[in-house]
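All residue numbers refer to positions in the sequence shown, counting from 1.
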Amino acid sequence: LTLKFGDIGNLKGLVIRFLLTTSYYQLSVQNWFSLHRLQLLYNHSIQATFNATRIYAPASYSYHCEHVSSLQRYDALLIPSSANDLSKLWEVTFIDFQIQGFNIQEGHFAYAKDCASFFSPAILMGLVMSLILLLVLAYALQMLIHLKSLDRHYECKASPVYFPQMKDNDTGDEKEPLRSSGNESYELRSQQFCKIYI
């Protein structure tokens, strides 16, 4: 494919050539196309050549990427073909890049295979956080399973060790008046205490 800029100011005579190849892969049982090389021509002479990496899609699809560039900050999908030519002097960046070389119908792009990886940093961070939350949940469930339930059964027993024996005439009385100046008060004289079993 050839992209010509025509008579646009300083870009007059600049041509960008995309060299595409197609191959058949038995595993996917279909043809795939790939961008093999990109050439920059100025006044009919080749100025720079870049080898393309990871730019491919099924032949019936188009390829789309937010940035196709020779710069490292954009993941450098375009690599200078040789260290001796002028490619290192050029910085090429395509923004919102989409290409389709085969099976074009009605002049429209087919469904696009995007260059975004299934394991981007954001997706990996989400998976790690989900794993941490699952581990916390599993630990909490394990602690709940081994937690003993509270038995609300109260057993009352008499204990002569903690409560001294009362006189015979006071055993029937549950309470005894205390000495006070004005109000009538009572003291509990029961021998019983309660245990709660947990």
For Ala76 and Ser70, which heavy atoms make the closest approach, and how far apart are they?
CB-O, 4.2 Å
Should Leu19 and Leu35 count as side-chain neighbours, where that means a heavy-atom distance under 4.5 Å?
no
Quick check: do Leu77 and Phe50 have side-chain heavy atoms less than 4.5 Å from each other?
no
Interatomic spacing from CD in Glu66 to CG in Asp75 - rounded to 0.5 Å:
13.5 Å
Would you say that more than 12 heavy atoms from the other residues, nucleotides or ligands in this model lie under 6.0 Å from the CD of Glu91, or not?
no
Tell me, do Phe102 and Thr22 make a side-chain contact under 4.5 Å, heavy atoms counted?
yes
Hey, does Thr49 have a side-chain heavy atom less than 4.5 Å from the side chain of Arg37?
yes
Side-chain heavy atoms nearer than 4.5 Å, only ILVMFWY residues, links allowed to pass through others: does that put Leu89 and Leu38 together?
yes
How long is the span from the SG atom in Cys65 to the CG atom in Asp114, to the nearest 0.5 Å?
6.5 Å
Separation of Tyr63 OH from Gln98 CD (nearest 0.5 Å)
11.0 Å
What do you reckon, is OH of Tyr24 surrounded by more than 12 foreign heavy atoms closer than 6.0 Å?
yes
Identify whether Phe18 and Phe33 are in the same connected component of the hydrophobic contact network (ILVMFWY, side-chain heavy atoms under 4.5 Å).
yes
Does Ile132 belong to the same Ile/Leu/Val/Met/Phe/Trp/Tyr cluster as Tyr139, with side-chain heavy atoms less than 4.5 Å apart forming each link?
no
Which residue, Ile55, Thr21, Asn51, forms the side chain to side chain contact (heavy atoms under 4.5 Å, CB included) with His36?
Thr21
Which atom of Ser69 lies closest to which atom of Leu71, heavy atoms considered:
OG-N, 2.9 Å
Val92 with Val68, same ILVMFWY side-chain cluster at under 4.5 Å:
yes
Determine, using the 4.5 Å side-chain heavy-atom cutoff (strictly less than), whether Leu3 and Leu40 are members of one ILVMFWY cluster.
yes
More than 12 heavy atoms from other groups under 6.0 Å of CZ on Phe109:
yes
So do the side chains of Ile95 and His67 get within less than 4.5 Å of each other, counting heavy atoms only?
yes
Could you tell me if the side chain of Ser34 sits less than 4.5 Å from the side chain of Trp32, heavy atoms only?
no
Mind listing the closest non-hydrogen atom pair of Gln100 and Leu1 along with its distance?
O-CD1, 4.0 Å
Ala48 versus Trp90, closest heavy-atom pair with distance:
CB-CD1, 3.7 Å
On a heavy-atom basis, the closest approach of Ala110 and Ser60 is CB-O, 3.2 Å
Would you call the rings of Tyr61 and Tyr111 parallel, tilted or perpendicular, taking 30° and 60° as the class edges?
perpendicular
Pairwise side-chain contact, Tyr56 with Lys113, heavy-atom cut-off 4.5 Å (strictly under):
yes
Taking C-beta and beyond as the side chain, do Ile99 and Leu20 meet within less than 4.5 Å on heavy atoms?
yes
Can you measure from CE (Met143) to CD1 (Ile145) and round to the nearest 0.5 angstrom?
11.0 Å
